Structure formats: structure tokens, C-alpha cells
Amino acid sequence: MRPETPLLEVSGLRVYRGGVKVLEIPRLTLQDREVKALIGPNGAGKSTLLLALARLLPVTGRVLFHGRETENGTAALAYRRRSAMVFQEPLLFDTTVFHNVATGLKLRGMKGRDIRRRVGETLERFGISHLADRHARALSGGEAQRVSLARAFAVQPEIIFLDEPFSSLDPPTREGLTADLGRILAETGTAAVMATHDRIEALRLADTLLVMRQGNIVQEGPPQEVMNRPADAFVASFVGMETIISGEVEAVEEGTVTIATAGGYRLEAVGNRRLGERVMCCVRPEHVTLSPAPPASASARNRLGGRVRRIEPLGFVHRVAVDAGFPISAYVTTPALQELSLKEGSFVWVSFKASAVLVFPVETTPALR
Amino acid sequence: MDMILDGILKALCLLVTLDAEVRDITLLSLAVSSSATLVSLVVGVTVATAVALTEFPGKRLLISLINTGMGLPPVVVGLFVSIMLWRNGPFGFLGILYTPLAMVIAQALIATPIVTGVSLAALQHLPKDLRLQILALGATRRQMVWILMKEARLPLLAAAMAGFGGVISEVGASIMVGGNIKGYTRVLTTATVMETGRGNFEVAIALSVILLLVAFAVNACLTWIQQRRRPR
């Protein structure tokens, strides 16, 4: 198969503010239908990168869209008309929901009947048809952000840039919007770059995770890889050293599910998920117990044998990385470590309760996995 | 007391009977001040948009100059315009001193900083990412400016009314460059000054009542718009 031209290809991208370099991206590509999540602390340059990619900031370097330059005026406008952006604030216009969602279409010279049809479809897709005649200022925070997303998706962009779109919403609202966004991205096949503070959100939506720090990308890769094998201490501390395993729901019982993992292992978890649903399981290292023999306690429903890969001292505890068919980490205190006489390469039993497994649905495009 | 009552009665009488002279004075006042406001809107909103949307050295200084200009004394403007239009002044050849056109020019000079200042504040008050959001929706620069103005339409209307309110009640510049010529450049304020000087308080009161009514109408509109600003 010949390599296809990426949807977006960036090289030597730099942004200066007041003569100071605030962003430097030597190379970055976005494939068709790909969803990238940008994570990093405040001031890491996530918003700046989004604005630079959306061509809303003066930059040096190249941004190629379908292999073509986006630099000069008409090319930049054409590019802006095939992409869209949603900000943290909904930034709705002082008019009705209908006219807000119609704005991008009007700017492109679309006519009345086509606008009505497209806006109608988009509102329905976002479940806000009933709000069409409502004034934008009379909406709740969640509704307003839904309208903002609908306004961006109404123009059927090929790429959408999302700058922490859900960060000012309360958790239940956020949950609903994240799920809907995942569904709509998959349905429409829109590629996306999304800045977020929320690792779970990133895990649920993204094909690729991009960790930023001080205007640079410090690591890029599939979420599991970044979270399981952080490139350095900064990434590790930022993404958390969680164990992430992908799998599929194999059996559903009252309140518990059995998940078949990619490597042929079975995990039990607490939660309500559909049979056959693709999921990600996260286990925090503090919930993982290591023992020399299979644990007697019946509450630790998940037990696996594995070999110690690495032992890292972290102050009061040690982080023990075990290969149990997939990488899994545990925190062990110094006395316990001595008692277990753990060394790199030694065999150990790993156990954790079903309630320690956090299960998240995977809502990204399966094509990329 | 009788004098005031008589004045108000006389005013009502002049209003009800549509006294030709009072009517012409009122219409001229409205015509001159609306034209001046229109000119100041075109200039003021353009300048405000340019200043709000671009970054350049000295921007803060320019903004404080505009804000200072909002309190420009009409007599100073009157003096300046008089000198400019004086027979042997730089624009004396136009021969427009003591014409309604000269009054429009002077009043436009008074209203422009007011309109610019209020418009600038309105545009700067819009969320800072709004401009980027509009561009991200695929707007050209011109479309972006148009949407921004639509977003700021109510404060921009307030700017127009502030400008109009400033010039309709102004007397110094009008009398200096217009000359209060009967049937030609006499407006409500200059006529009031003259009638008061002559001791014709009834007529002065009548003219003042009309001026107050005009000012009240403008302010009522302004208040109505400001209240409508917040639905819910």
C-alpha cells in the first residue's frame, strides 16, 4: 500500500509572542478520521497549537492540508472553510439557536432552503431540535456548548479543533456531551484535534495522545502506549502511571462485567456495559496487590501471574512494573518489597478487585485501531 | 411663578398650533444634529473598528486621546471651525461660514470622539476569542467585522444616541459657526439663548420644553434598548 497524503501535515511550526518563541512543533501529522487529544499543564501551548493549526495565528513553518499550502490569503480562507473550531466558551451570537448554527453556512453563501435543511439535520444530530427558536442567551451551559458544537459541525468540516470544550461544564453534562461528540466524530468521520485536561476524556475519544510541555510535544502515541510507557518523568507524572488494557465486554451479569482483553486474558469489573462493547480498562497502581502465592481472599477477583520488569523507588513506595501478559503497575511499600523479596525478573502474583477496574467505552473510529 | 406657568402654557400653545417659526427651528435642529451624528457614526465606527482589531504601538495613547476627546468643549470646536472657515482661513474659499453646513461640521467634530469612544468600548467589551471564532467559522475579514458589529449593535446604537444627545443640546459651536440667523441657522439652543437675552421667557421656555422633549425621546429609546439587552 502506498502511503497516503495525510489530511494535515505540519513541519517546522513556530509561534512567537512578543519576540519570544511560545511554540515549536518540528513535525506533526493528522490522518483522515484521526482524533488526537492534546494534554498538558496550563500554559503548555495546547491552545496556541490549536490556533496555529486552525490558521488563526501568524506562524512560521508549513501547514499542509491535503498536501497543499494553506499560507496565502485565499488558501488560508479555503482551509478555514473546510475546518472548524470550538472554544472553551460557547461564544454564541446574540440571536436564536437556529441562526447561530446557520452562521457558518451563510458565510459560505448557502441559500435559505439548504440552510434550513442542514441546520435541521445538525440540530437533530446533537439532540437540540427543540431549542431552535430559543435565544442563545437563554440556554444552560451544556445546551450552549452543544449549540456551539452544532454550529461547528453544520459546515461539515474535514477537521475540527476543540479547545477544552467541556472544561467549564458539570460532570453529568460533560459525560453526555463527550459520549455524543465521540459518536458524531465516528459517524461523520471528521478528524479532530482536541485539547483537554481530562485524561479519561482523552482516552475515550482519542486515537492518539499528544503530551505537551512548554510549547513542545514531549510524547505522542496511542493512549495506552503513552500512559503505560511514559517517555519521561514529566509525562509519567502528568498522565499518571495507570495500567490501561483494551478489550471487549464478553459477559454481563448483575452489576459486573467480564472483559476479554486483547491478549486473551479475562478481567472482571464492576459496571454496566453492553455485551460486545469495546472498552478500556484502567487500574490504578495503588489498587494492585502483589503476593508470592495466589491470594486466598475471594474479593480479589482478578489474579494473574507475571514477571517483575522494573522496580522504581518513589519515596515511601516503590513502583513495581509487572508483565502479566500486559504491563501492569503496583505500588509496594519498602517493608513489603523486602518481605516479597521482589527482584527484576522474579515471578509474582498480581491481584486486584473487580471494583478497582475502571471501565470506559471506546468511542473512536475503529478503523484506526 | 406666573412667569413659568405662562411660559409652559405658551409653549403648549406654540406646540399645539404648530407655530411655523418654532417648527422650522425644531426641524433645522433635528436636521443639523442628525446629519452630524450620521457623519460621526461613519467616521467613529470605522476608526473604533480599526483600533479595536489591530495592535500597534501607541494604541493606548490613541485610546486615551479619543476618551479625552469625548469631553471636547463645544466652544473650542466652534473657535477652531470658525478659524478654519474664516474668509482668509485655510478653508475660507468654501464660503460656508454661517451656514447650516458649517454647523454640521462643528457638531460632527464634537460627536465623533463620543461615538468613537463608546463604539470602541463596545467592541473591546466583546469576548476576546469571538473574533477568532468568527474567522474559524470561515468568515472573510469583512464578514468578521460585519458580525462583530451585529454583536455590538445595541451598544453601537447607544453610541449614536450619545453622539446625538451631545450635539442637539450644544450651543457654543452652533452660535459661533452658524450665527443664529433667523430662518437660516437658528436652532433650538441658539434661539433659547437669544430669547432669554431679550427677556422673552415664554418663548425661551417653550423652546426649552421642545428641546427637553427631544432629549427625553432620545434617552427613552436608549433606556429601552439597554433594558432589552438582557432577556430572561
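Since the model is a prediction, treat every value here as computed from it, not as a measurement. As a basis for the values below, the full set of heavy atoms in this structure was taken, side chains included, without hydrogen atoms, waters or symmetry mates. Quick note on labels: first sequence line is chain A, next is B, and so on, each numbered from 1.
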Please state whether the side chain, the backbone, both or neither of A:Arg151 comes within less than 4.5 Å of a heavy atom of chain B. both
Which bit of A:Leu92 is near chain B, if near means a heavy-atom gap under 4.5 Å: side chain, backbone, both or neither? backbone
Could you tell me if the side chain of B:Trp146 sits less than 4.5 Å from the side chain of A:Leu107, heavy atoms only? no
Side chain / backbone / both / neither for B:Ile134 at chain A, heavy atoms under 4.5 Å: both
Using a cut-off of 6.0 Å, state whether more than 12 heavy atoms not belonging to B:Phe56 lie near its atom CZ. yes
Salt bridge check, A:Asp94 against B:Lys150: does any charged N sit closer than 4.0 Å to a carboxylate O? no
Heavy-atom neighbours of B:His125 NE2 exceed 12 at 6.0 Å: no
With a 4.5 angstrom heavy-atom cut-off, which part of A:Ser83 approaches chain B: side chain, backbone, both or neither? backbone
Should we count CD of A:Glu69 as having more than 12 external heavy atoms under 6.0 Å? yes
Would a distance-only check, ignoring hydrogens and angles, find a side-chain to backbone donor-acceptor pair under 3.5 Å from A:Arg80 to B:Leu137? no
Could you go through the side chain to side chain contact (heavy atoms under 4.5 Å, CB included) check for A:Met85 and B:Leu132 one step at a time? CA-CA 9 Å; A:Met85 182 151 180; B:Leu132 296 174; over 6 Å; no
Specify which of B:Arg131, B:Gln133, B:Arg141 makes the most heavy-atom pairs with chain A at under 4.5 Å. B:Gln133
Identify which part of A:Leu91 has an atom lying under 4.5 Å from any heavy atom of chain B, answering side chain, backbone, both or neither. both
Answer yes or no: does atom CZ of A:Arg68 have more than 12 heavy-atom neighbours from other residues, nucleotides or ligands under 6.0 Å? no
Say you draw a straight line from CG of B:Leu130 to CZ of A:Phe87; how long is it, rounded to the nearest 0.5 Å? 9.0 Å
Evaluate whether atom CD of B:Gln124 has more than 12 neighbouring non-hydrogen atoms of other residues, nucleotides or ligands under 6.0 angstrom away. yes
Between A:Leu105 and chain B, with a heavy-atom cut-off of 4.5 Å, which part of the residue counts as in contact: side chain, backbone, both or neither? neither
Can any side-chain N or O of B:Glu151 pair as donor or acceptor with the backbone N or O of A:Phe93 at less than 3.5 Å? no
Would you say that more than 12 heavy atoms from the other residues, nucleotides or ligands in this model lie under 6.0 Å from the CG of A:Asp133, or not? no
Donor-acceptor pair, A:Arg81 side chain versus B:Ala139 backbone, under 3.5 Å? no
Taken to the nearest 0.5 Å, the spacing of B:Ile147 CD1 from A:Thr95 OG1 works out to 11.0 Å
